[in-house]
Amino acid sequence: TFGYALKFSTIYNVYFDLENRKYKKEIVVGPFKTGKWIDLPEIDYISVFRQAWSKDSDGDGRTDSSGYVYDVNVWHNSSKHFTIYTNGYPESSLEMGRQLAVKLNTDLLDATDPQNKEWVDL
């Protein structure tokens with residue numbers, strides 16, 4: 001029971017300090033926080049990517065009934081990425097990706113339909 005309680009009370013945050021070109025991935029459990037500032041690599045682009053999701057595997061309510069979640073990923077060094085946001089609704093994820101791409105002055109790839117990926121005009 002403690003494991004499930006811990007899982008459902010954990011919050012993941014990502015912070016950007018664009019002035020100093022740093023970011024921090026933070027994990028919060030109740031009043032406890034952990035994370036450190038890391039130099040922001042040269043960003044290639046932002047993508048919003050659809051992936052299959054099973055209610056049996058997570059159960060955290062991040063998705064609608066479509067069976068998919070949408071990750072906003074920051075791509076750097078040609079093939080490396082980190083996920084900053086996950087949501088079950090493509091519109092919300094695209095808006096997050098759009099805002100981040102504008103702030104980071106980079107491109108946005110809409111991969112919410114894997115068969116029809118397209119670059120978004122910002």
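- Note that the NZ atom of Lys117 and the CZ atom of Phe49 stand 7.0 Å from one another [nearest 0.5 Å].
- Under the 4.5 Å side-chain criterion, counting only non-hydrogen atoms from C-beta, Ile27 is not in contact with Ile11.
- When side chains are defined from C-beta on, Leu122 counts as touching Arg98, because their heavy atoms get closer than 4.5 Å.
- Within the 4.5 Å cutoff, the side chain of Leu109 has no heavy atoms near those of the Val120 side chain.
- If you take CZ on Arg21 and CD on Glu42, they are separated by 5.5 Å, rounding to the nearest 0.5 Å.
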N/O donor to acceptor pairs below 3.5 angstrom from side-chain atoms of residues 31-39, sequence neighbours left out:
{"from": "Asp39", "atom 1": "OD1", "to": "Lys22", "atom 2": "NZ", "distance (Å)": "2.6"}

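- Tracing side-chain contacts under 4.5 Å through hydrophobic residues (I, L, V, M, F, W, Y), one reaches Ile84 starting from Leu104; they form part of the same cluster.
- Using modelled atom types, no side-chain atom of Thr83 and backbone atom of Asn73 make a donor-acceptor pair closer than 3.5 Å.
- Between Ile46 and Val72 there is a side-chain heavy-atom pair separated by less than 4.5 Å.
- The shortest distance between side-chain heavy atoms of Leu100 and Val74 falls below 4.5 Å.
- A cation-pi arrangement is not found for Arg50 relative to Tyr70, the charged atom failing to lie both closer than 6.0 Å to the ring centre and inside a 45° cone about the ring normal.
- Separation of the Trp75 and Phe82 ring centroids does not fall under the 6.0 Å cut-off.
- The shortest side-chain heavy-atom distance between Val102 and Gln99 does not fall under the 4.5 Å cut-off.
- Closest of all the heavy-atom pairs between Gly30 and Val28 is O-CG1, 3.4 Å.
- Note on Tyr23: it clusters hydrophobically with Leu18, by side-chain heavy-atom contacts below 4.5 Å among ILVMFWY residues.
- Under the 4.5 Å side-chain criterion, counting only non-hydrogen atoms from C-beta, Asn105 is not in contact with Lys103.
- Considering only heavy atoms from C-beta on, Tyr45 stays 4.5 Å or farther from Leu108 through its side chain.
- Proximity of a side-chain donor or acceptor of Asp17 to a complementary backbone N or O of Asn20 within less than 3.5 Å is detected.
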Tyr68 vs Gln51, side chain to side chain contact (heavy atoms under 4.5 Å, CB included): CA-CA, chis, key distance, verdict: CA-CA 5 Å; Tyr68 297 103; Gln51 63 179 349; 6.0 Å; no
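- When every heavy atom of Val48 is checked against every heavy atom of Gly97, the shortest pair comes out as CG2-CA, 4.4 Å.
- The main-chain N or O of Ser78 is found under 3.5 Å from a side-chain atom of Asp44 such that the two form a donor-acceptor pair.
- In this structure, OG on Ser93 lies 10.5 Å from CG on Asp110, to the nearest 0.5 angstrom.
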